[in-house]
Amino acid sequence: MLFTTGQLRSAFRLSKQQWRSYREALPPLAKEQGRSGCFSANDLLAASVVHQVSTALSIPLSTFTSVATALFELCAAFPWPQLERSSLLIDFEADRVELIDHERRVTAAAVALLVELAPLVAELRQHLLTGVPDQQRDLAFPPMIAGTRR
């Protein structure tokens, strides 16, 4: 399933100017001129990591430019259930991003950020599935009492 630019902006409550800043700082979000962007759920997760870290720590978006491609590729390489059980290690000095399993030891880095993905996945899942109707609730025919044999 692909998402539009408007859905991505809505997911993170970004204004048009903020969206331009994200697009300039994160090359994977910059689509060809004249075309509207289509983004996968994994693209939204990668953008969510950037949004969460930059908001929580007041880090400029341009800090993520060097690791943006690796971040988006890593999020695209794994299914959501595996990402949900993992954390991301972002090492800005070495320009690398690594998926860290909870059972695995963290790779040595002088200074790195460790981002827990479970809350980000849960928040995105809730936001993206809000408009999806419950198939059990919206049956074509209302429930009826079954007839009895006479």
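Between the CZ atom of Phe3 and the CG atom of Asp43 there is a distance of 10.0 Å, given to the nearest 0.5 Å. Here CZ of Arg23 is found 11.0 Å from CG of Leu8. Values are rounded to the nearest 0.5 Å. For the atom pair Gln18 CD and Arg20 CZ, the distance stands at 11.0 Å (nearest 0.5 Å). Distance check: Leu114 CG to Glu98 CD gives 10.0 Å after rounding to the nearest 0.5 Å. One distance of note links CZ of Phe92 with CG of Leu113; it measures 5.0 Å at 0.5 Å rounding. Arg125 contributes atom CZ, which lies 6.0 Å from atom CH2 of Trp80 (distance to the nearest 0.5 angstrom).
A donor-acceptor pair under 3.5 Å is formed between the side chain of Thr65 and the backbone N or O of Ala25. In this structure, Arg9 contributes its side chain and Leu14 its backbone to a donor-acceptor pair below 3.5 Å. Remark: the backbone N or O of Thr4 is paired with a side-chain donor or acceptor of Gln7 at under 3.5 angstrom. A donor-acceptor pair under 3.5 Å is absent between the side-chain atoms of Gln82 and the main chain of Pro79, judged by distance alone.
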Enumerate, atom names and distances included, each donor-acceptor pair closer than 3.5 Å involving a side-chain atom of residues 50-58, sequence neighbours excluded.
{"unit_1": "His51", "atom_1": "ND1", "unit_2": "Tyr22", "atom_2": "OH", "d": "2.8"}
{"unit_1": "Ser54", "atom_1": "OG", "unit_2": "Val50", "atom_2": "O", "d": "2.9"}
{"unit_1": "Ser54", "atom_1": "OG", "unit_2": "His51", "atom_2": "O", "d": "3.2"}
{"unit_1": "Thr55", "atom_1": "OG1", "unit_2": "His51", "atom_2": "O", "d": "2.7"}

Throw together a table of side-chain donor-acceptor distances under 3.5 angstrom for residues 71-78, partners on residues two or more places apart or in other chains.
none

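Ser21 places a side-chain heavy atom less than 4.5 Å from the side chain of Gln17. Taking 4.5 Å as the limit, every side-chain heavy atom of Val49 sits out of range of all side-chain heavy atoms of Val97. Residues Leu99 and Leu88 form a side-chain contact, since some pair of their non-hydrogen atoms from C-beta on lies under 4.5 Å apart.
The shortest heavy-atom contact between Ala68 and Leu26 is CB-CD2, 3.8 Å. Annotation for Ser48 and Leu120: closest pair OG-CD2, 3.6 Å, computed over non-hydrogen atoms. The minimum heavy-atom distance between Glu116 and Ser86, with the atom names listed, is OE2-O, 4.0 Å. Closest heavy-atom contact between Asp91 and Ala112: CA-CB, 4.2 Å. Nearest heavy-atom pair across Arg85 and Asp101 is O-OD1, 3.9 Å.
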